[in-house]
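Please read the structure below before turning to the comments.
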Amino acid sequence: INQMRSMRKMQEIQPQMQEIRNKYKNDQQKMMQETQKLQKEMGFNPLAGCLPILVQMPVFLGLYHVLRSFNGTGTGAGQLGLTPEQNRITPNYFFSAEDVQSFLDARLFGAPISAAVTSKQASLEAFGLPIPSTVTLAAVAIPLMVIASLATHFNARASVARQSEAAAANPQAAIMNKLALWIFPLGVLVFGVFLPIAVLLYWVANNIWTYGQQHLVFRKIDHEDQAKKAAALERRAQNAPKPGAKPTRGKQGVSMAKDD
């Protein structure tokens, strides 16, 4: 919710930001000072919008690392080079050997959820018989990659659709919009073959959840904006002269209303 409020606030001050950029385009230091001053006056924190992403990244990387560590038969970076037999009796962080075996045996339409499309043959042997084929892994992983990519795109599309015309016209915002709409979803398709199926499941579930969450948050913020507008109109109505009152001037030249 704070992230969405921050985005809304950023859209509100975009016209003023553009004025500052035009006015001080030849003085970068003054432009930065005026920009920071405006952000402070408007109560806008540019880091607020990035904070959720910064919090999610270590969680995602940690999840990827732990899921990858269930199969320690590989010999690459960070791998243990265990035999399939050793791997099944070796605990993984706070997961016991029984948990490791349970996870290795977990399947989604016949594909081990801790395997990736690019998993090597020696790594696939750790899952026991029958040894899953690349075709089986691809048949499960590719639809997940497509769904995850589409979900990522539609999430970004929902956010972009909420931007004001002034915000969308900003060159930096336009670049970020293109990245969010096309490059990030394409990245899921390209790099999804390297991710375990369990991570793809996480990505799909997270994006579907986020899509629904966005609509709930947008609805909440819309209600807040409507309440603010109604309160502003009420204050304006209260401060307006009463019907039939004639404006008069006080001793110090201040306009006052006098009832007929």
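Owing to the predicted nature of the structure, the values given are computational and were not obtained by experimental measurement.
No more than 12 heavy atoms of other residues, nucleotides or ligands shown are found within 6.0 angstrom of CD on Gln29.
Distance check, rounded to the nearest 0.5 Å: CG of Leu150 to CZ of Arg157 gives 11.0 Å. Here CZ of Phe194 is found 11.0 Å from OG of Ser119. Values are rounded to the nearest 0.5 Å. Atoms CG and CG, from Leu67 and Leu63 in turn, are 4.5 Å apart once rounded to the nearest 0.5 Å. With rounding to the nearest 0.5 angstrom, the CD1 atom of Ile89 is 12.5 Å from the OG atom of Ser96. Between the NZ atom in Lys220 and the NE2 atom in His223 there is a gap of 9.5 Å [rounded to 0.5 Å]. Annotation: the span from Met31 atom CE to Asn22 atom CG amounts to 8.5 Å, rounded to 0.5 Å.
Residue pairs meeting the side-chain hydrogen bond (donor to acceptor under 3.5 Å, both in side chains) criterion with at least one partner in residues 128-138, sequence neighbours excluded, are Ser133-Thr136. Listed by first then second residue, pairs satisfying ring pair (Phe, Tyr, Trp, His ring centres under 6.0 Å) with a partner in residues 132-162 read His153-Trp182, not counting sequence neighbours.
Looking at every heavy atom in both residues, Ser69 comes nearest to His65 through OG-O, 2.7 Å. Between Ala158 and Phe218, the shortest heavy-atom contact is O-CE1, 4.1 Å. Of all non-hydrogen atoms in Val117 and Ala138, the two that sit nearest each other are CG2-CA, 4.0 Å. Closest heavy-atom contact between Ala116 and Leu195: CB-O, 3.3 Å. Considering all non-hydrogen atoms of both residues, Thr73 and Ala122 come closest at OG1-O, 3.9 Å. The minimum heavy-atom distance linking Phe103 with Ile113 is given by the pair CE1-CD1, 3.6 Å.
When the side chains of ILVMFWY residues are joined at heavy-atom separations under 4.5 Å, either directly or via intervening members, Leu216 and Ile221 end up in two distinct hydrophobic clusters. Residues Met32 and Tyr24 do not share a hydrophobic cluster, clusters being chains of Ile/Leu/Val/Met/Phe/Trp/Tyr side chains in contact below 4.5 Å. Cluster annotation: Ile208 and Val59 are assigned to distinct hydrophobic clusters (Ile/Leu/Val/Met/Phe/Trp/Tyr, side-chain heavy-atom contacts under 4.5 Å, transitive). Linking ILVMFWY side-chain heavy atoms closer than 4.5 Å, directly or via other members, places Val190 and Met145 in a single hydrophobic cluster. Both Tyr202 and Tyr93 belong to a single network of hydrophobic side chains, linked directly or stepwise wherever heavy atoms of I, L, V, M, F, W or Y lie under 4.5 Å apart.
Between Leu137 and Pro112, some side-chain heavy-atom pair lies under the 4.5 Å cut-off. Residues Leu144 and Ile197 are in side-chain contact: their nearest non-hydrogen atoms beyond the backbone lie under 4.5 Å apart. Considering only heavy atoms from C-beta on, Arg107 comes within 4.5 Å of Phe127 through its side chain. Between Leu181 and Lys178, the closest side-chain pair of non-hydrogen atoms is not below 4.5 Å. At least one side-chain heavy atom of Leu189 sits less than 4.5 Å from a side-chain heavy atom of Val146. Taking 4.5 Å as the limit, every side-chain heavy atom of Phe94 sits out of range of all side-chain heavy atoms of Asp99. Between Asn87 and Leu104 the shortest side-chain heavy-atom distance falls below 4.5 Å. Looking at Ile13 and Gln16, their side chains come closer than 4.5 Å, going by heavy atoms from C-beta outward.
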List the steps and the verdict of side-chain contact (heavy atoms from CB on, under 4.5 Å) for Leu38 and Met17.
CA-CA 8 Å; Leu38 174 63; Met17 296 277 284; 3.9 Å; yes
List the steps and the verdict of side-chain contact (heavy atoms from CB on, under 4.5 Å) for Asn206 and Gln56.
CA-CA 11 Å; Asn206 180 61; Gln56 289 179 59; 4.1 Å; yes
Any chance you could lay out the salt bridge (Lys or Arg N to Asp or Glu O under 4.0 Å) test for Lys30 and Glu34, step after step, and finish with the verdict?
CA-CA 6 Å; Lys30 185 65 174 178; Glu34 291 298 319; 3.3 Å; yes
Step by step, would you call Asp105 with Arg88 a side-chain contact (heavy atoms from CB on, under 4.5 Å)?
CA-CA 10 Å; Asp105 293 338; Arg88 295 185 74 86; 2.9 Å; yes
Does the pair Arg21 and Gln18 meet the rule for a side-chain hydrogen bond (donor to acceptor under 3.5 Å, both in side chains), with working shown?
CA-CA 5 Å; Arg21 281 191 287 267; Gln18 189 61 46; 3.2 Å; yes
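Test Asn207, Thr152, Val204 against Val188 for side-chain contact (heavy atoms from CB on, under 4.5 Å) and you get one pass: Thr152.
Asn92 places no side-chain N or O within 3.5 Å of a backbone atom of Val100 that could act as its donor or acceptor partner. Judged purely by atom type and a 3.5 angstrom limit, Gln86 uses its side chain to pair as donor or acceptor with the backbone of Thr83.
With sequence neighbours excluded, the residues forming a salt bridge (charged side-chain N to carboxylate O under 4.0 Å, His left out) with Asp222 are Arg8, Arg162, listed by chain and number. In this view, Gln213 and Trp209 satisfy the side chain to side chain donor-acceptor pair (under 3.5 Å) rule, not counting sequence neighbours. Under the ring-ring contact (aromatic ring centres under 6.0 Å, His included) criterion, Phe95 pairs with Phe70, not counting sequence neighbours. Checked against side chain to side chain donor-acceptor pair (under 3.5 Å), Ser149 has no partners two or more places apart in sequence or in another chain.
Side-chain atoms of Asn71 and Ser123 form a donor-acceptor pair, as typed in the model, at a separation below 3.5 Å.
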